[in-house]
Amino acid sequence: MQILSLLRERFAAVLNDLIDNPQLVASSLERIVPSREPQLADYQANIAMPLAKPLGKPPLEIAKSVVDRLKLDDVCETVSIAGAGYINLKLSPKWMSRQLNNATCDDRIGVERTTDPKTFVVDYSSPNVAKPMHVGHIRSTVIGAAIANTLRFLGHRVITDNHLGDWGTQFGMIIYGYKHFRDESAYQSQPVAELSRLYRHIQAMIAYQEAVANLPKMDANIQQASHRVDLAKKKLEETPQDKKAAKELQAAQNKLQEAHDDLAAKQELIAQAESSPTLLSDAKMHPDLNSAVLAETAALHRGEKENLALWNEFLPRCLDEIHAVYDRLGTRFDYEYGESFYHDLLGSVIEELFAKSLAVPSNGAICVFLDGFDAPMIVQKQDGAYLYATTDIATAMFREREFEPDACLYVVDHRQSEHFKKLFAVLEKMGYQHTQFKHISFGTVLGKDGKPFKTRSGSTVGLEPLLDEAVERAWAVACDPNRLQVAGIEMDESEKRQVAEIVGIGAIKYADLSHNRESNYVFDMDKMVQLEGNTAAYIQYSYARTRSILRKAETQEWAREKWETATIDLQAPVEIALGLQLIRFEETLKHSMQDYLPNVITEYLFDTAKLFSSFFDQCPVLKAETEAIGLSRLKLTHLVGQTLKVGLDLLGIQVIERM
RNA sequence: GGGCUCAUAGCUCAGUUGGAUAGAGCAACGGAUUUCUAAUCCGUAGGUCGUAGGUUCGAAUCCUACUGGGCCUGCCA
């Protein structure tokens, strides 16, 4: 059901007669949009005002001549002109009813497959294995999955690929840790936990050693900064009116504060490390761990036997671990070609860059210089090692060969936007112009204090404990015995567990998806597990209500199975509003994928749930005035349920039959 | 230093790519319940869209400057 394209077709017929400039017609058609003023119209055409100048006629006159020729009486109840020349369209409830009746109640609920399918590669999640997943991985995973699902649902060919970090320094850490610090019995009984402990142990020691090494430098920083403050002060005293001097003082003071904060943070880190005797003695016994770890990594990359064997031993276990998390999140990938997969191809990437005269040696490294960027893209380090830029190029080349995509979407943190700009520039120079490479960037997850989400001690928050907490809270609220009693629902333990899991995980996913991905968002567990307001639970609850009504209908003779073949007839204002909302599902999905913004879908689902709640409040279904009205409302209710279910499913959120 | 990005109600956020009187949710206040599940509904209040200019029929949206935050910036990913 594509209302917009239907309306545009009708307008096009008129505009082509009125205007002989096809470009002007096209841009006018773009201005036919869902109305911003639902009270005034369902759709509006803001075409008359911009046409005033090119046509040399007043907007109202243009609007009138368009409306006079427009044939929309089958679709619209009213077509009117308002204000400066807005053309307001109100759809006819009869027409809407017919559309809804045509919408089969299957799991596509009337959404057509695109007539112009494209091939998308969606690269998302991409965690480093062997490191515990943390809160930052949620966004990429959840947003990427939602985009991939939606594009696929719309009829595109979608290939999802999890570009795992399975070849990096973290393996050097684990290998080094395994060789020197492993607890054999712990490793035998719980290998992944032990590897994770080793990883954290090594990382803590490196942080400690770096902090100690940096202390003198930080002292120097403070002195330097305080000197700068003095200078700025003096200057400002001499020229108190100088705005620049005032600004400089402010900047200098900020720098000084920053330097003090840095030092304090490092001192705390050191104090923490020194409170652990094992860590301290291990760190003393293994000075300069950082270099040692890099050496282990380099040995692995050289293919040194022992390290490669260890890597082969560790990797499957790390993957199992990570897949357990994906299972819980309900995420799957078509492919998981990690960095290691591309390792052997990196040399040929450099060769090709040279062959295409893009690569240049510079200061001992191999670089690609690009217009508009200060720094080049470095593809091979002085020591001969390759970088993630190199791997990214190899990955893109592989995907071009393997999948021939029309578009390649990278769902990655906004901090890497410059990297992707460079990457795409290089790929274009390499000749991949026909593919649209796009960085689907997203903002940082912040804590309630507005700073990046961290634990109190400053470490990142692990993903799994977070999921556990959400599920626990969901249990407390959704499975509250008092509430279940009032709702008349008896649940056994396993159903409660299932409800809590679905509501809890849904809450986290929804909170993430409901924010515009471009902006940073504040992670607030209290809010997202709230069961009122714009949350997953509110929508899941609405779905459960639709199911509840339909279950009850099956117990009543007049309704049983009959509603399936009944006719929807929208009568009450709230029914009409709800019906219009349902018809717009396809339009919403397309709108959402125009800029790959899943929050367009969450907003739609929330609006739908709200309208359903109003409908539910105002329109009796099982106790309707007549059986015909009751059957119509039952069918509408079913359609609402299906829409919510399919919509949530695209977002990777499950529903429950009763809650 | 250079670059990117953000600033909308007390709080968290939308804002259909330049359209009408800027919208939700939470919190606050007032109403509705012998309920087709109150995890609900209806209503009230809350705004100099960071500041100042500019572009035009029309600006939260585009341009310029400024203020304040975040991020990136030659060998991590």
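Letters A, B, ... mirror the listed sequences (proteins, then strands); counts begin at 1.
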For Y86(A) and rA20(B), are the ring centres under 5.5 Å apart with planes inclined under 30°?
yes

For F616(A) and rC36(B), are the ring centres under 5.5 Å apart with planes inclined under 30°?
yes

Give a yes/no answer on whether the side chain of [X] brings an N or O atom under 4.0 Å of OP1 or OP2 in [N].
{"X": "S519(A)", "N": "rA14(B)", "answer": "yes"}
{"X": "S613(A)", "N": "rU40(B)", "answer": "no"}
{"X": "R36(A)", "N": "rG23(B)", "answer": "no"}
{"X": "Y538(A)", "N": "rC41(B)", "answer": "yes"}
{"X": "K53(A)", "N": "rC57(B)", "answer": "yes"}
{"X": "T169(A)", "N": "rA77(B)", "answer": "no"}
{"X": "N46(A)", "N": "rA20(B)", "answer": "no"}
{"X": "K527(A)", "N": "rU12(B)", "answer": "no"}
{"X": "K610(A)", "N": "rU40(B)", "answer": "no"}

Write down the atom of R517(A), the atom of S441(A), and the distance for their closest heavy-atom approach.
NH1-O, 2.8 Å

Looking only at non-hydrogen atoms, find the nearest pair between R560(A) and E557(A) and report the distance.
NH1-OE1, 3.3 Å

Take atom [atom1] in [N] and the same atom in [M], then report the distance between them in whole Å.
{"N": "rA22(B)", "M": "rA59(B)", "atom1": "P", "result": "12 Å"}
{"N": "rG58(B)", "M": "rG19(B)", "atom1": "C1'", "result": "7 Å"}
{"N": "rA27(B)", "M": "rC41(B)", "atom1": "P", "result": "13 Å"}
{"N": "rG47(B)", "M": "rA24(B)", "atom1": "C1'", "result": "15 Å"}
{"N": "rU48(B)", "M": "rC42(B)", "atom1": "P", "result": "28 Å"}
{"N": "rC13(B)", "M": "rG54(B)", "atom1": "P", "result": "33 Å"}
{"N": "rU40(B)", "M": "rU21(B)", "atom1": "C1'", "result": "30 Å"}
{"N": "rG15(B)", "M": "rU61(B)", "atom1": "C1'", "result": "9 Å"}

Are K131(A) and Q203(A) linked by a side-chain donor-acceptor pair shorter than 3.5 Å?
no

Given [options], which nucleotide is nearest the side-chain atoms of [X]?
{"X": "Q44(A)", "options": "rA20(B), rA14(B), rU40(B)", "result": "rA20(B)"}
{"X": "A544(A)", "options": "rA20(B), rU37(B), rC76(B)", "result": "rU37(B)"}
{"X": "R658(A)", "options": "rG25(B), rU37(B), rG74(B)", "result": "rU37(B)"}

When rounded to whole Å, the CZ to C1' distance for the pair R8(A) and rU16(B) reads 10 Å

Polar side-chain contact T535(A)-rG25(B) base: donor and acceptor under 3.5 Å
no

Per the atom types in the model, does the base of rA20(B) pair as donor or acceptor with the side chain of N88(A) at under 3.5 Å?
yes

With a 6.0 Å cut-off on ring centres, are Y342(A) and H163(A) close enough?
yes

Using the benzene-type ring in the case of Trp, are the ring centres of Y604(A) and H591(A) under 6.0 Å apart?
no

Treating S592(A) as the side-chain partner and T588(A) as the backbone partner, does any N or O pair qualify as donor plus acceptor under 3.5 Å?
no

